[in-house]
Protein chains: 2
Amino acid sequence: MPVTIKDVAKYAGVSIATVSRVQNGIGQVSPETQKRVLAAIRQLNYIPNRVGQALQGQRHAALGIVFPDFSGPYYSGVMLGFENQAVTAGYSVVVLATHRRPESTQLIVDLAGRVDGLVMMDRTVSNDTVTDIARCGIPIVLLARSAITGMPCVRCENRQAAEELVGHLNGEHGYRKFAFLGNPDLSFDVMERWQGIQSAIQQFHLPDPDLIRCEYRQADGRQAAHDLLASGQLPECLLCANDEVAFGVYQAMREAGKRIPQDVAVTGWDDVLTADLVDPPLTSVRQPTQQLGDVAAHTLLTMIEQTVKPLSSTILPSRVVFRHSCGCIGKGCEFRTEALRP
Amino acid sequence: MPVTIKDVAKYAGVSIATVSRVQNGIGQVSPETQKRVLAAIRQLNYIPNRVGQALQGQRHAALGIVFPDFSGPYYSGVMLGFENQAVTAGYSVVVLATHRRPESTQLIVDLAGRVDGLVMMDRTVSNDTVTDIARCGIPIVLLARSAITGMPCVRCENRQAAEELVGHLNGEHGYRKFAFLGNPDLSFDVMERWQGIQSAIQQFHLPDPDLIRCEYRQADGRQAAHDLLASGQLPECLLCANDEVAFGVYQAMREAGKRIPQDVAVTGWDDVLTADLVDPPLTSVRQPTQQLGDVAAHTLLTMIEQTVKPLSSTILPSRVVFRHSCGCIGKGCEFRTEALRP
DNA sequence: TTGTATGCGTTATCAT
DNA sequence: ATGATAACGCATACAA
């Protein structure tokens with residue numbers, strides 16, 4: 001049904017080679033035939049078939065990116081940066097979210113067959129699968145994921161930020177008993193945050209922190225906080241795996257009549273735009289999400305277009321943003337040097 | 001460089017056709033050769049090239065979706081619903097964000113050449129371009145966009161919700177002077193909201209509302225609110241084009257020492273998760289974003305796989321969610337029947 | 001059961 | 001300046 005170069009050639013009364021020459025501006029064509037061909041193209045509304053071009057040119061002109069999920073501003077940021085770089089470089093973007101689907105492996109293999117390079121995010125599929133696909137010769141960049149030998153990896157700094165966070169909470173506010181809300185098994189970043197927190201707590205000789213396993217949506221944080229309240233073992237400070245979990249804790253605390261930070265301090269991670277607007281403003285850790293996608297795309301493009309693989313991994317800096325939910329007060333979020341509670 | 005079916009055939013010592021038969025489970029193959037072929041596939045790490053398949057099968061097994069932008073939970077929701085439907089039906093998803101790029105038209109034409117169907121969202125490209133592409137025979141579904149004859153359109157209800165909102169603000173709270181913050185020229189939905197608001201205000205014989213043109217990020221709402229404050233013409237109620245703008249207004253009001261809703265009432269649109277957590281909780285309009293992507297994908301798939309084009313447009317219902325920022329009080333957000341201000 | 005041959009749409013390399 | 005033809009990777013109709 002669609003118009004092919006053959007149709008145009010017949011309509012213009014020339015060979016397909018000539019049409020191709022006009023179309024791509026390569027080779028010599030007489031002005032007269034050029035005119036005829038151009039007219040035929042316009043007349044028939046001819047659009048070159050990308051599949052034919054891809055087959056001939058031995059490239060898809062497309063990049064793939066595999067997300068574990070789409071929800072939340074974190075993925076939007078990565079997507080934004082990635083798409084921008086890819087399109088600017090002349091590549092289309094094919095996305096896939098695994099959602100822990102059992103058939104994820106097959107879907108990713110399928111995806112690998114239609115792109116020139118692949119970004120694999122976090123816990124989307126096993127390392128073995130990634131290695132298998134890489135062995136087929138397709139360039140792969142890991143994003144916010146544990147390293148695999150021979151593949152570049154792009155991620156945000158987590159441990160240092162976690163240590164700074166705990167250092168502040170103990171040093172400035174005097175908190176000693178912490179709990180972490182999240183599931184280190186589900187995400188590489190969260191695992192690193194949990195490890196950083198544990199390491200800092202050991203370093204300061206504080207009592208072992210509790211790990212409250214929960215997923216990353218607001219409802220999960222809310223449920224976890226309610227469970228914690230029901231157990232009667234509310235620590236001084238709740239460190240949340242991300243801001244959505246922290247917002248869920250906010251909900252639960254409001255429902256239970258507990259005040260933040262007077263009754264319990266709360267921190268998030270991601271520093272979403274609304275972190276500054278909730279009551280109280282949320283102390284969080286800002287990550288350069290857009291840059292994450294940006295650098296991942298750039299690294300991938302380098303691997304595709306250069307014959308030498310750089311293999312350079314990138315770790316982008318995170319920054320702790322102190323607000324009121326940890327106990328800091330005032331407009332400039334000055335630290336309270338005395339402990340908040342008597 | 002990549003492994004082709006030819007390589008596998010040579011390695012297994014069989015013909016290409018036999019490999020294909022094994023690969024697709026079609027036709028008769030002796031157990032012995034099947035084993036050899038399977039071993040070769042595993043050994044060489046063969047992944048079928050989708051381009052070859054597409055060329056032969058006359059289909060891409062891919063759907064395209066064109067966004068104006070990615071920022072915000074609205075697009076995440078649409079994306080989530082769309083990707084889920086597409087992948088479930090065996091299609092890959094190719095995304096493009098126009099970002100008001102001048103070369104958008106070319107990018108979309110390009111995209112059209114590598115998918116079996118296309119969803120076009122909002123103000124991404126001119127109607128003429130959409131019609132041109134449709135003429136090439138590729139199925140198109142419009143999403144949150146003004147209708148074009150002959151193309152199905154999926155969107156959320158806006159006018160009715162706008163009227164309900166204004167009816168509440170005037171009827172229950174007694175507000176008479178409104179301003180709308182947003183740019184009706186930039187988005188079809190926002191245009192409809194603005195029209196619905198105007199229509200309701202006429203209907204209730206209230207003074208003409210002000211239109212404060214601004215874009216849709218938090219910073220834009222903040223700037224618009226500051227401008228409004230500087231002008232000295234603060235209306236009783238600010239109707240924001242979306243929640244992010246409303247959050248920007250929150251910022252500005254806090255910075256100016258104005259209270260919501262005592263000094264000025266504020267409403268948003270989208271009902272993002274944090275609308276309930278900001279101070280005061282934001283009155284907003286909830287849209288089924290995920291379902292939007294879901295229905296768009298489903299409609300597109302029907303067009304592709306059925307020969308009869310349904311052409312049915314879908315309008316999904318929106319729902320006003322009353323919270324404190326409009327003047328409602330109490331947990332259940334009961335209406336205040338008297339005017340809030342003396 | 002297996003192999004051969006053709007066509008999908010495009011570009012590139014020849015030959016004319 | 002132009003036309004004929006091969007090649008890309010795959011699936012399939014047909015021949016053996």
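Model, not experiment: these values are computed from the prediction. Per chain, numbering begins at 1; letters A, B, ... match sequence-line order.
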Visitor: Do B:R114 and A:S92 pair up side chain to side chain, a donor and an acceptor below 3.5 Å, judged on atom types alone?
Guide: yes
Visitor: Are the side chains of B:L292 and B:L143 in touch, meaning some heavy atoms are under 4.5 Å apart?
Guide: yes
Visitor: Could you check which residues of residues 35-50 of chain B get a heavy atom under 4.0 Å from DNA chain D? Sort them by number, please.
Guide: B:Y46, B:P48, B:N49
Visitor: Considering only heavy atoms of chain A and a distance under 4.0 Å, specify the first and last nucleotide of DNA chain D in 5' to 3' order that meet this criterion.
Guide: D:dA1 to D:dG9
Visitor: With B:V154, which of B:V78, B:T299, B:L142, B:V119 fulfils side chain to side chain contact (heavy atoms under 4.5 Å, CB included)?
Guide: B:T299
Visitor: With no hydrogens and no angle check, just 3.5 Å: does a side-chain donor-acceptor pair link B:S126 and B:D128?
Guide: no
Visitor: Rounded to the nearest 0.5 Å, what's the gap from CG on A:L107 to OG1 on A:T124? Could you check?
Guide: 11.5 Å
Visitor: Please evaluate residues B:M121 and B:V66 with respect to the criterion side-chain contact (heavy atoms from CB on, under 4.5 Å), reporting the C-alpha separation (whole Å), side-chain torsions for both, the decisive distance (0.1 Å), and the verdict.
Guide: CA-CA 6 Å; B:M121 227 178 146; B:V66 182; 5.7 Å; no
Visitor: Nearest 0.5 angstrom please: A:Q58 CD to A:D116 CG, how far?
Guide: 10.5 Å
Visitor: Which residues in residues 51-61 of chain A have at least one heavy atom lying under 4.0 Å from any atom of DNA chain D?
Guide: A:L55, A:Q56, A:Q58
Visitor: Verify side-chain contact (heavy atoms from CB on, under 4.5 Å) between A:D110 and B:R50, making sure each step is shown before the conclusion.
Guide: CA-CA 8 Å; A:D110 223 64; B:R50 302 275 334 176; 3.0 Å; yes
Visitor: Just to verify, which of B:V130, B:I148, B:T131 counts as forming a side chain to side chain contact (heavy atoms under 4.5 Å, CB included) with B:I140?
Guide: B:V130
Visitor: If only side-chain N and O atoms count, and only distance matters, is there a donor-acceptor pair under 3.5 Å linking A:S71 with A:D69?
Guide: yes
Visitor: How would you list, by chain and number, every residue that makes a ring pair (Phe, Tyr, Trp, His ring centres under 6.0 Å) with B:Y91, sequence neighbours excluded?
Guide: none
Visitor: When you check the gap from the basic side-chain N to the acidic O, do A:D132 and A:R135 get nearer than 4.0 Å?
Guide: yes
Visitor: Does A:I26 or A:K6 map to a spot on DNA chain C nearer the 5' end, using the closest nucleotide for each?
Guide: A:K6
Visitor: Once you round to the nearest 0.5 Å, how far does CG of B:L300 lie from CG of B:L118?
Guide: 7.5 Å
Visitor: Any side-chain heavy-atom pair from A:V115 and A:L63 closer than 4.5 angstrom?
Guide: no
Visitor: Give the angle between the helix axes at the two ends of the helix from C:dT1-D:dA16 to C:dT16-D:dA1, taking five base pairs at each end and rounding to 10°.
Guide: 50°
Visitor: Hey, what do you get for OG1 (A:T4) to CG (A:L44), rounding to the nearest 0.5 Å?
Guide: 9.5 Å
Visitor: Heavy atom of residues 14-24 of chain B under 4.0 Å from DNA chain C: which residues?
Guide: B:V14, B:S15, B:A17, B:T18, B:R21
